[in-house]
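Structure, as C-alpha coordinates:
Model, not experiment: these values are computed from the prediction. Computation of the quantities below employed the complete heavy-atom set of this structure, encompassing side-chain atoms and omitting hydrogens, waters and symmetry-equivalent molecules.
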Amino acid sequence: MNDRTSPHGFSVVICVYTEERWEDILAAVDSVRKQSLPPLETLLVVDHNERLLSRLTEEYAEQRLHEEVRVLANAGPRGLSAGRNTGIAAARGEFVAFLDDDAVAERDWLHHFAAAYDDPRVMAVGGRTLPAWASGHRPVWFPEEFDWVVGCTYRGLPPGRVPVRNVLGGNASFRRTAFDAAGGFATGIGRDGDRRPLGGEETELCIRLSKALPEAILIIDDRAVIHHKVPAVRERFDYFRTRVYAEGLSKALVARSVGAQKGLESERRYTTRVLPSGVLRGLRDAVLGRAGGAGRAGAIVTGVTVAAGGYALGQLRARRNGTTFSWGPIERDGTGETAPSGAGTPEGATS
(Lines give C-alpha, C1' and ligand atoms only; values in the text may rest on other atoms or scores of the structure.)
Protein backbone atom coordinates (compact mmCIF):
# COMPACT_ATOMS: atom_id res chain seq x y z
CA MET A 1 0.00 0.00 0.00
CA ASN A 2 1.17 3.53 -0.76
CA ASP A 3 2.34 6.03 1.83
CA ARG A 4 -0.84 7.82 2.94
CA THR A 5 1.08 10.56 4.74
CA SER A 6 2.45 11.83 1.41
CA PRO A 7 0.71 14.89 -0.07
CA HIS A 8 1.20 13.45 -3.56
CA GLY A 9 -1.31 11.20 -5.27
CA PHE A 10 -5.09 11.16 -5.46
CA SER A 11 -7.88 11.86 -3.03
CA VAL A 12 -11.04 10.31 -4.50
CA VAL A 13 -14.31 12.01 -3.56
CA ILE A 14 -17.61 10.11 -3.78
CA CYS A 15 -20.71 12.12 -2.84
CA VAL A 16 -23.63 10.07 -1.52
CA TYR A 17 -27.13 10.94 -0.34
CA THR A 18 -29.42 7.91 -0.06
CA GLU A 19 -29.39 4.45 1.50
CA GLU A 20 -31.22 3.18 -1.57
CA ARG A 21 -27.82 3.15 -3.29
CA TRP A 22 -26.08 1.25 -0.48
CA GLU A 23 -24.79 -1.59 -2.64
CA ASP A 24 -23.79 0.86 -5.38
CA ILE A 25 -21.80 2.92 -2.87
CA LEU A 26 -19.94 -0.14 -1.62
CA ALA A 27 -19.17 -1.17 -5.20
CA ALA A 28 -17.88 2.32 -6.05
CA VAL A 29 -15.55 2.35 -3.04
CA ASP A 30 -14.37 -1.19 -3.79
CA SER A 31 -13.47 -0.20 -7.36
CA VAL A 32 -11.34 2.64 -6.00
CA ARG A 33 -9.60 0.40 -3.48
CA LYS A 34 -8.67 -2.01 -6.31
CA GLN A 35 -6.97 0.61 -8.48
CA SER A 36 -3.62 -0.27 -10.04
CA LEU A 37 -2.50 3.13 -8.73
CA PRO A 38 -3.83 3.16 -5.16
CA PRO A 39 -5.24 6.51 -4.02
CA LEU A 40 -4.09 8.23 -0.87
CA GLU A 41 -7.66 8.14 0.41
CA THR A 42 -11.30 7.80 -0.51
CA LEU A 43 -13.62 10.46 0.89
CA LEU A 44 -17.30 9.58 1.21
CA VAL A 45 -19.27 12.82 1.61
CA VAL A 46 -22.80 12.26 2.93
CA ASP A 47 -25.39 14.85 1.94
CA HIS A 48 -27.45 15.61 5.06
CA ASN A 49 -28.52 12.05 5.83
CA GLU A 50 -27.64 11.17 9.43
CA ARG A 51 -28.64 7.52 9.13
CA LEU A 52 -26.48 6.99 6.05
CA LEU A 53 -23.61 8.89 7.69
CA SER A 54 -23.76 6.65 10.75
CA ARG A 55 -24.07 3.47 8.70
CA LEU A 56 -21.11 4.30 6.44
CA THR A 57 -18.98 5.40 9.40
CA GLU A 58 -19.56 2.00 10.97
CA GLU A 59 -18.99 0.16 7.68
CA TYR A 60 -15.58 1.76 7.11
CA ALA A 61 -14.40 2.08 10.72
CA GLU A 62 -11.42 -0.22 10.13
CA GLN A 63 -10.37 1.51 6.90
CA ARG A 64 -10.64 4.87 8.64
CA LEU A 65 -8.01 3.79 11.15
CA HIS A 66 -5.60 3.45 8.24
CA GLU A 67 -6.86 6.67 6.63
CA GLU A 68 -7.91 4.66 3.59
CA VAL A 69 -11.61 5.53 3.61
CA ARG A 70 -12.98 8.56 5.44
CA VAL A 71 -16.68 9.37 5.88
CA LEU A 72 -17.60 13.07 6.09
CA ALA A 73 -20.80 15.07 6.44
CA ASN A 74 -21.54 17.69 3.80
CA ALA A 75 -20.60 20.91 5.58
CA GLY A 76 -22.45 23.17 3.15
CA PRO A 77 -26.01 23.45 1.87
CA ARG A 78 -27.74 20.36 0.52
CA GLY A 79 -26.61 19.34 -2.97
CA LEU A 80 -23.81 17.85 -5.03
CA SER A 81 -21.76 21.03 -5.43
CA ALA A 82 -21.44 21.64 -1.69
CA GLY A 83 -20.69 17.97 -1.13
CA ARG A 84 -17.84 18.10 -3.61
CA ASN A 85 -16.55 21.29 -2.00
CA THR A 86 -16.55 19.52 1.38
CA GLY A 87 -14.46 16.71 -0.13
CA ILE A 88 -12.05 19.14 -1.75
CA ALA A 89 -11.52 20.98 1.53
CA ALA A 90 -10.74 17.74 3.36
CA ALA A 91 -8.58 16.22 0.62
CA ARG A 92 -4.90 15.62 1.40
CA GLY A 93 -3.79 14.65 -2.10
CA GLU A 94 -2.16 16.73 -4.80
CA PHE A 95 -5.01 15.65 -7.10
CA VAL A 96 -8.73 15.31 -6.39
CA ALA A 97 -10.77 12.82 -8.42
CA PHE A 98 -14.55 12.50 -8.44
CA LEU A 99 -16.56 9.32 -8.94
CA ASP A 100 -20.35 9.01 -8.97
CA ASP A 101 -21.86 6.93 -6.18
CA ASP A 102 -23.58 4.63 -8.69
CA ALA A 103 -20.51 3.99 -10.85
CA VAL A 104 -17.49 1.70 -10.76
CA ALA A 105 -14.06 2.57 -12.10
CA GLU A 106 -11.93 0.26 -14.20
CA ARG A 107 -8.65 -0.83 -12.62
CA ASP A 108 -6.40 1.68 -14.44
CA TRP A 109 -8.70 4.67 -14.02
CA LEU A 110 -6.39 6.66 -11.73
CA HIS A 111 -3.30 5.46 -13.59
CA HIS A 112 -4.49 7.17 -16.78
CA PHE A 113 -5.43 10.31 -14.89
CA ALA A 114 -1.98 10.45 -13.30
CA ALA A 115 -0.12 10.04 -16.60
CA ALA A 116 -1.78 13.15 -18.02
CA TYR A 117 -0.55 15.29 -15.12
CA ASP A 118 3.07 14.82 -16.19
CA ASP A 119 2.45 18.05 -18.10
CA PRO A 120 2.37 20.77 -15.40
CA ARG A 121 -0.03 22.85 -17.49
CA VAL A 122 -2.74 20.20 -17.20
CA MET A 123 -5.18 21.26 -14.48
CA ALA A 124 -8.04 18.83 -15.05
CA VAL A 125 -8.41 15.36 -16.58
CA GLY A 126 -11.68 13.62 -17.37
CA GLY A 127 -12.42 10.13 -18.62
CA ARG A 128 -14.95 8.05 -20.54
CA THR A 129 -18.19 7.03 -18.84
CA LEU A 130 -20.07 4.03 -20.24
CA PRO A 131 -23.74 3.32 -19.46
CA ALA A 132 -24.72 0.15 -17.64
CA TRP A 133 -28.40 -0.11 -18.57
CA ALA A 134 -30.72 -1.68 -15.98
CA SER A 135 -32.50 -3.56 -18.77
CA GLY A 136 -29.20 -4.95 -20.02
CA HIS A 137 -29.28 -3.04 -23.31
CA ARG A 138 -29.73 0.45 -24.73
CA PRO A 139 -33.36 1.39 -25.47
CA VAL A 140 -33.69 1.29 -29.26
CA TRP A 141 -34.98 4.87 -29.39
CA PHE A 142 -32.20 6.34 -27.20
CA PRO A 143 -29.61 8.23 -29.34
CA GLU A 144 -25.94 7.96 -28.37
CA GLU A 145 -25.68 11.70 -28.99
CA PHE A 146 -27.74 12.17 -25.81
CA ASP A 147 -25.92 9.79 -23.48
CA TRP A 148 -25.07 12.83 -21.34
CA VAL A 149 -28.72 12.63 -20.23
CA VAL A 150 -27.77 9.55 -18.18
CA GLY A 151 -24.39 10.95 -17.09
CA CYS A 152 -22.29 9.21 -19.75
CA THR A 153 -19.92 10.07 -22.56
CA TYR A 154 -21.90 10.93 -25.68
CA ARG A 155 -21.32 10.61 -29.42
CA GLY A 156 -19.60 13.74 -30.67
CA LEU A 157 -16.81 13.96 -28.10
CA PRO A 158 -13.40 13.47 -29.74
CA PRO A 159 -11.63 10.16 -29.05
CA GLY A 160 -8.22 9.66 -27.42
CA ARG A 161 -6.49 12.14 -25.11
CA VAL A 162 -7.68 15.55 -26.26
CA PRO A 163 -8.09 19.11 -24.91
CA VAL A 164 -11.66 20.07 -24.00
CA ARG A 165 -13.52 23.08 -22.65
CA ASN A 166 -14.78 21.14 -19.64
CA VAL A 167 -14.62 17.69 -18.09
CA LEU A 168 -17.75 15.79 -16.97
CA GLY A 169 -18.12 15.82 -13.20
CA GLY A 170 -18.93 12.16 -12.49
CA ASN A 171 -15.61 11.00 -13.95
CA ALA A 172 -13.06 13.75 -13.50
CA SER A 173 -10.01 14.93 -11.62
CA PHE A 174 -8.35 18.26 -10.86
CA ARG A 175 -5.07 19.48 -9.45
CA ARG A 176 -5.74 20.66 -5.93
CA THR A 177 -4.26 24.04 -6.93
CA ALA A 178 -7.02 24.47 -9.54
CA PHE A 179 -9.46 25.14 -6.71
CA ASP A 180 -7.02 27.56 -5.09
CA ALA A 181 -7.08 29.56 -8.32
CA ALA A 182 -10.75 29.34 -9.27
CA GLY A 183 -12.66 28.50 -6.10
CA GLY A 184 -15.05 25.60 -5.69
CA PHE A 185 -18.14 24.31 -7.43
CA ALA A 186 -20.98 26.83 -7.58
CA THR A 187 -23.94 26.10 -5.33
CA GLY A 188 -27.48 26.50 -6.59
CA ILE A 189 -26.77 24.95 -9.99
CA GLY A 190 -25.86 21.28 -9.51
CA ARG A 191 -27.89 18.25 -8.49
CA ASP A 192 -29.78 18.05 -5.21
CA GLY A 193 -30.69 14.45 -4.51
CA ASP A 194 -33.80 13.38 -6.42
CA ARG A 195 -35.04 16.86 -7.22
CA ARG A 196 -35.11 18.22 -10.78
CA PRO A 197 -31.86 16.99 -12.36
CA LEU A 198 -30.09 20.27 -12.99
CA GLY A 199 -26.43 20.13 -13.94
CA GLY A 200 -23.72 22.26 -15.50
CA GLU A 201 -21.73 22.94 -12.35
CA GLU A 202 -18.58 21.32 -13.76
CA THR A 203 -18.90 23.32 -17.01
CA GLU A 204 -19.16 26.57 -15.08
CA LEU A 205 -16.17 25.67 -12.89
CA CYS A 206 -13.99 24.66 -15.84
CA ILE A 207 -14.71 27.87 -17.74
CA ARG A 208 -13.99 29.87 -14.60
CA LEU A 209 -10.75 27.90 -14.16
CA SER A 210 -9.63 28.69 -17.72
CA LYS A 211 -10.29 32.37 -17.07
CA ALA A 212 -8.30 32.31 -13.83
CA LEU A 213 -5.43 30.35 -15.42
CA PRO A 214 -5.33 31.15 -19.17
CA GLU A 215 -2.46 28.70 -19.77
CA ALA A 216 -4.34 25.82 -18.12
CA ILE A 217 -5.04 22.70 -20.18
CA LEU A 218 -8.11 20.57 -19.53
CA ILE A 219 -8.26 17.19 -21.24
CA ILE A 220 -10.25 13.99 -21.56
CA ASP A 221 -8.45 10.66 -21.77
CA ASP A 222 -10.92 8.04 -22.95
CA ARG A 223 -8.81 5.24 -21.45
CA ALA A 224 -9.86 6.38 -17.96
CA VAL A 225 -13.11 4.42 -17.96
CA ILE A 226 -15.94 4.10 -15.48
CA HIS A 227 -19.25 2.25 -15.80
CA HIS A 228 -22.28 4.24 -14.68
CA LYS A 229 -25.54 2.53 -13.70
CA VAL A 230 -28.65 3.68 -15.53
CA PRO A 231 -31.76 2.69 -13.52
CA ALA A 232 -34.92 1.66 -15.32
CA VAL A 233 -36.64 4.98 -14.67
CA ARG A 234 -33.93 6.77 -16.65
CA GLU A 235 -34.49 4.55 -19.67
CA ARG A 236 -37.92 6.12 -20.14
CA PHE A 237 -38.73 8.93 -22.52
CA ASP A 238 -40.34 11.08 -19.80
CA TYR A 239 -37.03 11.17 -17.91
CA PHE A 240 -35.21 12.01 -21.16
CA ARG A 241 -37.55 14.94 -21.75
CA THR A 242 -37.28 16.19 -18.16
CA ARG A 243 -33.49 15.96 -18.16
CA VAL A 244 -32.94 17.84 -21.41
CA TYR A 245 -35.31 20.56 -20.23
CA ALA A 246 -33.34 20.87 -17.00
CA GLU A 247 -30.12 21.05 -19.02
CA GLY A 248 -31.52 24.03 -20.90
CA LEU A 249 -32.25 25.76 -17.59
CA SER A 250 -28.71 24.95 -16.40
CA LYS A 251 -27.05 26.27 -19.57
CA ALA A 252 -28.87 29.55 -19.09
CA LEU A 253 -27.35 29.87 -15.62
CA VAL A 254 -23.90 28.98 -16.92
CA ALA A 255 -24.15 31.49 -19.75
CA ARG A 256 -25.31 34.10 -17.26
CA SER A 257 -22.23 33.44 -15.14
CA VAL A 258 -19.44 33.15 -17.72
CA GLY A 259 -20.98 34.71 -20.83
CA ALA A 260 -22.81 33.10 -23.73
CA GLN A 261 -19.71 32.93 -25.95
CA LYS A 262 -17.84 30.62 -23.58
CA GLY A 263 -20.87 29.10 -21.95
CA LEU A 264 -22.27 27.82 -25.26
CA GLU A 265 -19.05 27.37 -27.24
CA SER A 266 -19.13 23.56 -27.33
CA GLU A 267 -22.91 23.43 -27.57
CA ARG A 268 -22.89 25.34 -30.88
CA ARG A 269 -20.77 22.69 -32.58
CA TYR A 270 -22.85 19.97 -30.95
CA THR A 271 -26.17 21.39 -32.20
CA THR A 272 -24.98 22.37 -35.68
CA ARG A 273 -22.85 19.33 -36.54
CA VAL A 274 -23.27 16.38 -34.20
CA LEU A 275 -27.04 16.40 -33.81
CA PRO A 276 -27.94 16.90 -37.50
CA SER A 277 -25.67 13.96 -38.33
CA GLY A 278 -27.50 11.93 -35.71
CA VAL A 279 -30.89 12.78 -37.21
CA LEU A 280 -29.69 11.76 -40.68
CA ARG A 281 -28.23 8.53 -39.27
CA GLY A 282 -31.54 7.72 -37.58
CA LEU A 283 -33.55 8.42 -40.73
CA ARG A 284 -31.17 6.28 -42.78
CA ASP A 285 -31.59 3.44 -40.31
CA ALA A 286 -35.36 3.82 -40.55
CA VAL A 287 -35.22 3.60 -44.35
CA LEU A 288 -33.07 0.49 -44.06
CA GLY A 289 -35.57 -1.06 -41.68
CA ARG A 290 -33.29 -1.00 -38.63
CA ALA A 291 -35.00 -0.93 -35.25
CA GLY A 292 -35.36 2.43 -33.55
CA GLY A 293 -34.03 4.61 -36.36
CA ALA A 294 -37.07 6.88 -36.57
CA GLY A 295 -37.31 6.97 -32.77
CA ARG A 296 -33.71 8.11 -32.41
CA ALA A 297 -34.16 10.84 -35.01
CA GLY A 298 -37.34 11.97 -33.26
CA ALA A 299 -35.68 11.92 -29.84
CA ILE A 300 -32.88 14.17 -31.10
CA VAL A 301 -35.33 16.70 -32.55
CA THR A 302 -37.41 16.60 -29.37
CA GLY A 303 -34.29 16.96 -27.22
CA VAL A 304 -33.11 20.05 -29.08
CA THR A 305 -36.55 21.65 -28.95
CA VAL A 306 -37.14 20.97 -25.25
CA ALA A 307 -33.61 22.05 -24.25
CA ALA A 308 -34.03 25.28 -26.22
CA GLY A 309 -37.28 25.92 -24.38
CA GLY A 310 -35.57 25.35 -21.04
CA TYR A 311 -32.75 27.68 -22.02
CA ALA A 312 -35.16 30.45 -23.05
CA LEU A 313 -37.09 30.16 -19.79
CA GLY A 314 -33.83 30.06 -17.81
CA GLN A 315 -32.62 33.23 -19.51
CA LEU A 316 -35.91 34.97 -18.75
CA ARG A 317 -35.75 33.95 -15.09
CA ALA A 318 -32.12 35.05 -14.82
CA ARG A 319 -32.93 38.49 -16.23
CA ARG A 320 -35.87 38.89 -13.87
CA ASN A 321 -34.33 37.48 -10.71
CA GLY A 322 -30.59 37.98 -11.23
CA THR A 323 -27.93 35.34 -10.69
CA THR A 324 -29.13 32.54 -8.44
CA PHE A 325 -25.87 30.80 -7.61
CA SER A 326 -22.43 31.66 -6.31
CA TRP A 327 -19.17 30.19 -5.14
CA GLY A 328 -16.56 30.79 -2.52
CA PRO A 329 -12.91 29.87 -2.00
CA ILE A 330 -12.09 26.37 -0.83
CA GLU A 331 -10.30 26.60 2.49
CA ARG A 332 -8.21 23.55 3.30
CA ASP A 333 -9.46 21.54 6.25
CA GLY A 334 -6.41 20.59 8.27
CA THR A 335 -8.25 18.19 10.56
CA GLY A 336 -9.77 16.09 7.79
CA GLU A 337 -12.94 15.67 9.86
CA THR A 338 -15.30 17.99 8.05
CA ALA A 339 -15.10 20.91 5.65
CA PRO A 340 -15.22 24.41 7.12
CA SER A 341 -18.62 26.03 7.28
CA GLY A 342 -17.77 28.35 4.41
CA ALA A 343 -17.00 25.61 1.92
CA GLY A 344 -19.61 25.51 -0.79
CA THR A 345 -21.73 28.32 0.66
CA PRO A 346 -22.49 31.52 -1.27
CA GLU A 347 -19.48 33.70 -0.61
CA GLY A 348 -18.83 35.48 -3.89
CA ALA A 349 -21.14 36.78 -6.58
CA THR A 350 -20.90 35.10 -9.96
CA SER A 351 -21.49 38.25 -11.91
Side-chain angles (χ1 to χ4, degrees), residues 10 31 35-37 95 97-100 103-133 137-140 142-175 178 199-200 202-203 205-207 209-210 216-230 243-244 247 251 262 264-282 284-285 290 292-293 296-297 299-300 303-304 307:
F10 284 85
S31 74
Q35 289 293 298
S36 60
L37 176 64
F95 310 102
F98 298 95
L99 180 66
D100 279 343
V104 292
E106 291 192 358
R107 190 170 184 273
D108 291 330
W109 177 60
L110 290 180
H111 169 77
H112 291 302
F113 278 172
Y117 286 113
D118 288 343
D119 184 340
R121 298 172 299 171
V122 172
M123 299 302 291
V125 185
R128 179 159 53 110
T129 302
L130 301 178
W133 303 96
H137 57 81
R138 172 187 296 275
V140 294
F142 202 114
E144 293 181 17
E145 291 82 1
F146 275 81
D147 276 6
W148 55 264
V149 166
V150 291
C152 296
T153 302
Y154 55 92
R155 182 191 289 267
L157 287 177
R161 183 195 285 183
V162 292
V164 292
R165 178 195 66 180
N166 63 275
V167 296
L168 303 179
N171 179 11
S173 64
F174 293 82
R175 287 190 191 273
E202 63 269 10
T203 300
L205 171 62
C206 288
I207 294 174
L209 173 60
S210 294
I217 297 174
L218 291 70
I219 68 172
I220 286 180
D221 188 336
D222 64 8
R223 297 171 300 173
V225 177
I226 70 169
H227 299 264
H228 186 264
K229 290 187 68 173
V230 182
R243 179 67 183 88
V244 295
E247 185 70 8
K251 291 300 181 187
K262 281 292 184 183
L264 299 176
E265 186 177 51
S266 297
E267 287 73 14
R268 291 190 183 94
R269 175 187 175 278
Y270 174 72
T271 54
T272 59
R273 298 183 185 181
V274 175
L275 295 185
S277 296
V279 171
L280 292 175
R281 190 179 303 108
R284 181 193 63 196
D285 288 347
R290 295 171 181 167
R296 290 190 294 275
I300 292 174
V304 172

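Between Leu218 and Ser210 the shortest heavy-atom distance is CD1-OG, 3.7 Å. Summarising the geometry of Val125 relative to Ala116, their closest heavy-atom pair is CG2-CB, 3.7 Å, with the distance given to 0.1 Å. Minimum heavy-atom separation, Cys152 to Leu130: SG-C, 3.8 Å. What you find for Gln35 and Glu106 is that their closest heavy atoms are NE2-O, 2.9 Å. Here the closest heavy-atom approach between residue Ile220 and residue Gly127 is recorded as CG2-O, 4.0 Å. Contact record, Val162 with Pro159: CG1-O, 3.3 Å, taken as the closest heavy-atom pair.
Rounded to the nearest 0.5 angstrom, Ile226 CD1 and Asp100 CG are separated by 5.5 Å. With rounding to the nearest 0.5 angstrom, the CG atom of Leu209 is 13.0 Å from the CZ atom of Arg165. Note: Phe10 CZ to Tyr117 OH = 6.0 Å, rounded to the nearest 0.5 Å. Remark: Leu280 CG to Leu275 CG distance equals 11.0 Å, nearest 0.5 Å.
Looking at Ser173, its side chain never comes within 3.5 Å of a backbone N or O of Ala97 through a donor-acceptor pair. When atom types are taken as modelled, the side chain of Arg296 and the backbone of Gly278 share no donor-acceptor pair closer than 3.5 angstrom.
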Just do the side chain to side chain contact (heavy atoms under 4.5 Å, CB included) check on Leu110 and Phe95 with the steps written out, would you? CA-CA 10 Å; Leu110 290 180; Phe95 310 102; over 6 Å; no

Thr153/Asp222 under side chain to side chain contact (heavy atoms under 4.5 Å, CB included): CA gap, chis, key distance, verdict: CA-CA 9 Å; Thr153 302; Asp222 64 8; over 6 Å; no

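Ring pair Tyr154/Tyr270 is perpendicular by interplanar angle, where above 60° counts as perpendicular and below 30° as parallel.
Side-chain contact between Lys251 and Thr203 is present, with heavy atoms from C-beta onward closer than 4.5 Å. Between Val149 and Val244 there is a side-chain heavy-atom pair separated by less than 4.5 Å. Side-chain contact between Trp133 and Val150: present, with at least one pair of heavy atoms (C-beta onward) separated by less than 4.5 Å.
Not counting sequence neighbours, the partners of Thr129 by the side-chain hydrogen bond (donor to acceptor under 3.5 Å, both in side chains) test are Asn171. For Asp118, there are no salt bridge (charged side-chain N to carboxylate O under 4.0 Å, His left out) partners at least two apart in sequence or on another chain. Contacts of Asp221 classified as salt bridge (charged side-chain N to carboxylate O under 4.0 Å, His left out), with partners at least two apart in sequence or in another chain: Arg161, Arg223. With sequence neighbours left out, Phe146 forms a ring pair (Phe, Tyr, Trp, His ring centres under 6.0 Å) with Trp148, Phe240. Residues passing the salt bridge (charged side-chain N to carboxylate O under 4.0 Å, His left out) test with Arg128, sequence neighbours excluded: none. Residues forming a salt bridge (charged side-chain N to carboxylate O under 4.0 Å, His left out) with Glu145 (at least two apart in sequence, or on another chain): Arg155, Arg281.
Taking the charged nitrogens against the carboxylate oxygens, Asp147 and Arg138 do have a contact shorter than 4.0 Å, which makes a salt bridge.
The local environment of CZ in Arg284 is crowded, with over 12 non-hydrogen atoms from other residues, nucleotides or ligands closer than 6.0 Å.
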